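Taking it in order: structure first as structure tokens, then the write-up.
Only this structure's heavy atoms are used, side chains among them; waters, hydrogens and symmetry mates stay out. Predicted model, so just to flag it, every value in this text is computed and none were measured.
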Amino acid sequence: MAAAALREQLNALLSSMFSSGLVDDQFQQLQMLQEDGGTPGFVAEVVTLFCDDADRIISELAALLEQPIVDFDKVDAYVHQLKGSSASVGAQKVKFTCMQFRQLCQDKNRDGCIMALAVVRNEFYDLRNKFQTMLQLEQQIQAQQ
């Protein structure tokens with residue numbers, strides 16, 4: 001596929017990610033840092049680190065919520081960490097879901113936390129799939145140049 005067509009596909013993907021609220025202006029800032037700094041692969045590195053970290057945190061949260069007695073302070077600390085990571089990469093939907101999740105932790109609502117984890121997981125998986133598609137398109141565009 002020609003680089004122009006790939007670039008068009010990438011732009012459409014990014015546009016849909018913004019319009020659906022999946023990512024926010026912070027993600028755009030990361031892209032601008034890459035362009036202005038001339039650091040190829042910067043966004044890919046940040047996105048990959050975020051995805052690896054979020055995957056690990058979601059697994060930790062699932063394990064904590066399966067315990068007979070839930071340590072809500074520990075759950076809240078992990079959710080806070082995920083919220084911060086999400087905010088720094090511009091993962092708007094994940095960040096907002098974490099904000100709701102934190103309130104459920106503070107209320108010590110186990111069932112609510114389990115439901116919030118399912119929502120966070122779904123939002124994250126959706127975002128991760130979009131990020132993976134974005135990175136594949138960027139690699140294909142680089143290969144064409």
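Within the model, atoms CG of L137 and CG of L13 stand 6.5 Å from one another, a figure rounded to the nearest 0.5 Å. In this structure, NZ in K83 is found 6.0 Å from NE2 in H80, a value given to the nearest 0.5 Å. Separating the CG atom in L22 from the CZ atom in F124 is a distance of 11.0 Å, to the nearest 0.5 Å. To the nearest 0.5 Å, atoms NZ (K130) and OG (S16) are separated by 6.0 Å. Between atom CD of residue Q92 and atom CG of residue L127 there is a gap of 11.0 Å, rounded to the nearest 0.5 Å. Rounded to the nearest 0.5 angstrom, L10 CG and E8 CD are separated by 11.0 Å.
Considering only heavy atoms from C-beta on, N11 stays 4.5 Å or farther from S15 through its side chain. Contact annotation: the side chain of L14 approaches that of Q31 to within less than 4.5 Å [non-hydrogen atoms, C-beta and beyond].
With hydrophobic clusters built from ILVMFWY side chains whose heavy atoms lie under 4.5 angstrom apart, M134 shares a cluster with V46. One hydrophobic cluster holds both V23 and Y125 under the rule that ILVMFWY side chains link at heavy-atom gaps under 4.5 Å.
The six-membered or imidazole ring of F27 lies near that of F131, with a centre-to-centre distance under 6.0 Å.
Every pair passing salt bridge (Lys or Arg N to Asp or Glu O under 4.0 Å) that includes a residue from residues 11-40 is listed here, sequence neighbours excluded: D24-K95.
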May I have the list of side-chain donor-acceptor pairs in residues 53-63 shorter than 3.5 Å, sequence neighbours left out?
residue, atom, partner, partner atom, Å
D53, OD1, R56, NH2, 2.6
D53, OD2, S85, OG, 3.3
D55, OD1, R128, NH1, 3.4
D55, OD2, R128, NH1, 2.9
S59, OG, D55, O, 3.2

